[in-house]
Amino acid sequence: MGAWRGAGEVDGYRRGSDDGHRGGRGVAAPLRTARAGELRESDAGREVRLAGWVATIRDHGGVLFVDLRDASGIVQVVVDPVLNPAAAELGRELRDEFCIAVGGLVRQRPPGTVNPELPSGAVEVAAAEVMVLSPSDPLPFRIDDRADVDENRRLEYRYLDLRRPRMAANLVARSKAIGAMRTTMLAQGFLEVDTPTLVKSTPEGARDVLVPSRLRQGSFYALPQSPQLFKQLLMVGGVERYYQIARCYRDEDFRSDRQIEFTQLDIEGSFWDREGVFAALEPVIVAVTRELRGVELTTPFPRMTHAEAMRRFGTDKPDLRFGMEIVDLGEAFAGTGFQMFAGALASGGIVAGINAGAREVSRSVLDGFVERAKGLGAKGLVWMVVEADGSVRSPVAKHLTPEELAAVTRALGAGRGDLLLVVADRPKVTRTVLGALRIDLGRPTGHDRLEFLWVIDFPVFSVGEDGSLAPEHHPFTAPYRVEEMRDDPEHALSRAYDLVVNGVELGSGSERIHDPRVQREVFSVLGISDREAESRFGWFMRALRYGTPPHAGFAVGLDRFVMVLQNEPNIREVMPFPKTQTGYDPMTDSPSLVDEFQLQELGIDLRPDVRESLAGEPTPT
RNA sequence: GGGGGCGUGGUGAAGCUGGAGUUCACGCCGGCCUGUCAAGCCGGAGGUCGCGGGUUCGAGUCCCGUCGCCCCCGCCA
């Protein structure tokens with residue numbers, strides 16, 4: 001680019017300067033000698049060159065103010081037509097978000113015109129020269145944090161959205177987080193190793209993102225759900241301490257904290273157990289939090305077993321920033337005549353409740369809670385309000401004895417005005433429903449406080465609605481005892497753990513199986529036949545036979561972590577180019593149809609019904 | 001797969017009980033203005049009320065369907 005030299009035109013835009021004529025002597029490189037947001041009183045008297053974007057223009061007819069923004073921040077540029085008529089003339093042609101360069105003198109602002117809102121507000125740059133590097137069309141939305149722009153529109157113009165201070169700050173935070181992770185991992189002697197992104201599909205857990213092979217038509221790669229098996233192979237390979245900032249892909253429905261592709265800090269270590277993992281990871285969490293929040297966390301983080309988390313909070317990722325714990329009310333209703341409670345207790349269920357505290361709630365809000373509980377799978381929800389006179393108002397009060405009502409309020413520590421929510425159902429349903437209501441009712445907004453927590457001793461299997469068992473973790477997780485896993489699968493515990501902050505699952509990990517015989521047994525208990533295990537994981541099981549060290553590891557969700565630390569409500573705000581809930585990118589119009597030839601090369605034919613549904617769609621030629 | 005919320009000039013909103021595309025702020029275009037800082041003042045342009053159907057003399061408004069975005073349940077080993 002010919003900026004600052006050559007003729008006085010850049011892409012047809014005239015340059016204004018104080019030499020009184022156009023096309024005058026050029027100005028030598030570099031384009032920029034200072035950063036806008038960094039200028040301070042101590043810079044007064046400096047001749048600087050700045051380059052950036054027009055944040056706002058304030059044209060007083062005479063003097064013209066331009067807020068010049070670059071990645072470092074904003075500084076006010078003053079163009080004075082008396083001192084500099086050519087620059088002023090050009091300045092009048094400037095519009096929002098033009099990319100410009102300015103040369104001039106940094107000076108203290110006149111008394112009374114200092115802007116305390118701006119870090120650079122004590123100074124301004126008196127423009128001697130202004131040059132348009134690149135003009136801008138009128139914007140689809142304002143570059144401003146204060147506007148709440150439709151997200152589709154933001155994604156369509158993500159490059160403009162990223163100019164907003166909030167998004168720019170999130171990019172910086174993300175970069176700092178990765179930096180702190182690398183620094184901490186390197187200091188601990190970890191080796192950064194990258195692993196393939198075209199891998200073997202192992203239909204297990206999440207849906208794979210598939211990539212068709214051209215050279216082997218009909219065969220598919222998968223994008224990795226995580227580098228799980230590769231990092232274990234690195235342990236077999238003698239790496240001992242591995243980490244990677246890894247991109248992972250899971251083709252499941254989107255949520256506010258889930259995207260089809262996301263980033264993890266992935267670590268693995270040999271001769272490690274859980275304690276080794278925690279000891280290596282806590283400094284990383286501390287460093288990232290220090291970097292992004294300026295907060296020094298206390299270690300070690302508290303721990304809680306999965307069973308305790310479920311019992312007290314109804315979830316495997318408890319938010320410890322508030323109480324409202326789930327209280328078992330079995331004792332209070334031990335001999336109750338109230339059919340709903342008695343029935344639940346008799347059939348192996350439980351009665352439990354939470355004290356939502358004193359709050360004014362209308363009947364419609366209470367009905368909303370009942371609907372929510374039903375939506376979550378409970379048969380119903382009983383609400384009780386402790387009245388000013390100590391009596392209990394509830395739709396079921398007449399079915400309960402005064403002793404029972406007293407026992408409930410006592411068990412829940414209820415005082416005047418408190419709202420109590422009670423569920424009677426199977427234990428798991430009861431706890432998860434109350435756990436969800438607890439979050440609905442008690443969760444603090446934002447993430448100003450941080451409550452980290454290790455959740456340990458996950459069960460090997462989770463019990464489904466129908467009583468069926470589903471593995472809670474990937475099949476390479478070591479159980480405490482294989483025999484228990486086989487003989488009493490419902491109660492078997494695994495050497496798996498999660499890291500939780502403020503009710504958000506930040507990541508999970510486990511001690512791995514390093515004995516091929518145990519691995520085979522685990523496959524068998526999981527219902528994976530020898531033959532199936534061989535075809536899907538044979539290559540991996542073979543590796544385990546060559547002196548595999550005991551090892552363990554973890555993966556931290558980078559996007560979620562930054563989301564929490566930046567106090568963002570969803571993961572998209574901390575991802576540079578995220579997709580919508582339906583996996584669509586409005587900016588690039590992706591995913592898109594491909595042309596017939598591309599499909600042919602891959603040996604792929606679209607199903608007739610799919611073809612049919614696409615009729616009328618614009619197709620590539 | 002299911003439930004809910006939202007969809008109105010370029011942006012953000014209001015639009016009540018169905019009565020003229022009405023209103024507000026920002027942006028845009030033009031003009032004025034020499035110390036503002038989301039500058040100010042005057043004037044102007046700009047909309048198939050997501051799309052389709054229905055009810056009605058009449059629909060942004062009511063009903064049905066559909067599409068898109070967001071949130072939740074399922075799903076996410």
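Source: prediction; values computed, not measured.
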**Q** May I ask you to say what A/Arg255 touches in the nucleic acid, namely base, sugar-phosphate or nothing, with a heavy-atom cut-off under 4.0 Å?
**A** base
**Q** Base, sugar-phosphate, or nothing for A/Arg146, non-hydrogen atoms under 4.0 angstrom?
**A**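 Base: the residue A/Arg146, judged by heavy atoms under 4.0 Å, touches a nucleobase.
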**Q** Between A/Asn84 and A/Ala128, is there a donor-acceptor pair closer than 3.5 Å when you use the side chain of the first and the backbone of the second?
**A**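 Judged by distance alone, yes, a pair lies under 3.5 Å.
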**Q** Tell which nucleotide pairs with B/C69, taking only Watson-Crick or G-U wobble pairs whose two distances are both under 3.5 angstrom.
**A** B/G5
**Q** Give one of base, sugar-phosphate or nothing for A/Arg109, where a contact means two heavy atoms less than 4.0 Å apart.
**A** base
**Q** 5' to 3' on RNA chain B, which nucleotides open and close the contacts with chain A (atom under 4.0 Å from a heavy atom)?
**A**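 Counting from the 5' end, contacts occupy B/G1 to B/A77.
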**Q** Determine the Euclidean distance between corresponding P atoms of B/C69 and B/G12; express it in Å to zero decimal places.
**A** 16 Å
**Q** Quantified in whole Å, what is the P atom distance between nucleotide B/G47 and nucleotide B/C33?
**A** 32 Å
**Q** Measuring only the P atom in each nucleotide, how far is B/G10 from B/A45? A whole number of Å is fine.
**A**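 Each nucleotide's P atom is 16 Å from the other's.
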**Q** Indicate, with a heavy-atom threshold strictly under 4.0 Å, whether A/Glu505 touches base, sugar-phosphate, or nothing.
**A**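 No contact.
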**Q** Using atom P of each nucleotide, how far apart are B/U56 and B/G15 to the nearest Å?
**A** 28 Å
**Q** Roughly how many Å apart are B/U22 and B/G9, using the C1' atom of each and rounding to a whole number?
**A**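 Rounded to whole Å, the distance is 13 Å.
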**Q** For A/Glu371, answer base if it contacts any base atom (sugar-phosphate contacts may also be present), sugar-phosphate if it contacts only those atoms, and nothing otherwise; contact means non-hydrogen atoms under 4.0 Å.
**A** nothing
**Q** What contact category does A/Asp253 fall into here, base, sugar-phosphate, or nothing, at under 4.0 angstrom with non-hydrogen atoms?
**A** base
**Q** In whole Å, what separates the P atom of B/C49 from that of B/U8?
**A** 11 Å
**Q** Take atom C1' in B/G31 and the same atom in B/G19, then report the distance between them in whole Å.
**A**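 Rounded to whole Å, the distance is 39 Å.
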**Q** Rounded to whole angstrom, note down the C1' distance from B/A14 over to B/G60.
**A**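 Their C1' atoms lie roughly 12 Å apart.
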**Q** Classify the nucleic acid contact of A/Thr113 as base, sugar-phosphate or nothing, counting any heavy atom under 4.0 Å across all strands shown.
**A** base
**Q** Do the two ring centres, one from A/Tyr249 and one from A/Phe262, sit under 6.0 Å apart?
**A**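 For A/Tyr249 and A/Phe262, the ring centres are not under 6.0 Å apart.
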**Q** What's the verdict on side-chain contact (heavy atoms from CB on, under 4.5 Å) for A/Met324 and A/Arg443, showing C-alpha distance, side-chain angles and the deciding distance?
**A** CA-CA 10 Å; A/Met324 211 187 285; A/Arg443 180 172 226 169; over 6 Å; no
**Q** Is the distance between the ring centroids of A/Phe65 and A/His60 under 6.0 Å?
**A**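 Yes, ring centres under 6.0 Å apart.
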**Q** Does A/Asp144 pair with A/Arg146 as a salt bridge, N-O distance under 4.0 Å?
**A**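 Looking at A/Asp144 and A/Arg146, the cut-off is met.
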**Q** If we ignore hydrogens and angles and just use 3.5 Å, is the side chain of A/Tyr497 paired with the main-chain N or O of A/Ser510 as donor and acceptor?
**A** yes
**Q** Report yes if some heavy atom in the side chain of A/Pro479 is under 4.5 Å from a heavy atom in the side chain of A/Glu484; otherwise report no.
**A** no
**Q** Give A/Pro140 one of three labels, base, sugar-phosphate or nothing, depending on what nucleic acid heavy atoms sit under 4.0 Å from its own.
**A**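 Since only primed, P, OP1 and OP2 atoms lie under 4.0 Å of A/Pro140, the category is sugar-phosphate.
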**Q** Regarding A/Asp59, tell me which of base, sugar-phosphate or nothing describes its non-hydrogen contacts under 4.0 Å with the strands shown.
**A** base
**Q** Under 4.0 Å, heavy atoms only, any strand: does A/Arg92 hit a base, just the sugar-phosphate, or nothing?
**A**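 Result for A/Arg92 = nothing.
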**Q** Give one of base, sugar-phosphate or nothing for A/Asn152, where a contact means two heavy atoms less than 4.0 Å apart.
**A** sugar-phosphate
**Q** Could you let me know what B/C57 is paired to, Watson-Crick or G-U wobble, both distances under 3.5 Å, or none if it's on its own?
**A** B/G19
**Q** Using the ring of A/Phe322 (Phe, Tyr or Trp, six-membered ring only), decide whether A/Arg438 places NZ or CZ under 6.0 Å from its centre and within 45 degrees of its axis.
**A**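 Yes.
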**Q** Select from A/Val114 and A/Pro475 the residue whose nearest nucleotide in RNA chain B is closer to the 5' end of that strand.
**A**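 Looking at RNA chain B, the more 5' nearest nucleotide goes with A/Val114.
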**Q** Base, sugar-phosphate, or nothing for A/Thr477, non-hydrogen atoms under 4.0 angstrom?
**A**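 No contact.
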**Q** Under 4.0 Å, counting only non-hydrogen atoms across every strand here, what does A/Arg572 touch: a base, just sugar-phosphate, or nothing?
**A** sugar-phosphate
**Q** With a non-hydrogen cut-off below 4.0 angstrom, is A/Gln76 in contact with a base, only sugar-phosphate, or nothing?
**A** base
**Q** Are the side chain of A/Thr113 and the backbone N or O of A/Arg109 linked by a donor-acceptor pair below 3.5 Å?
**A**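 The answer is no, because no donor-acceptor pair under 3.5 Å joins these two groups.
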**Q** Which residue, A/Thr56 or A/Pro138, contacts RNA chain B at a nucleotide closer to its 5' end, judged by nearest heavy atom?
**A**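 Comparing both residues, the 5'-ward one is A/Pro138.
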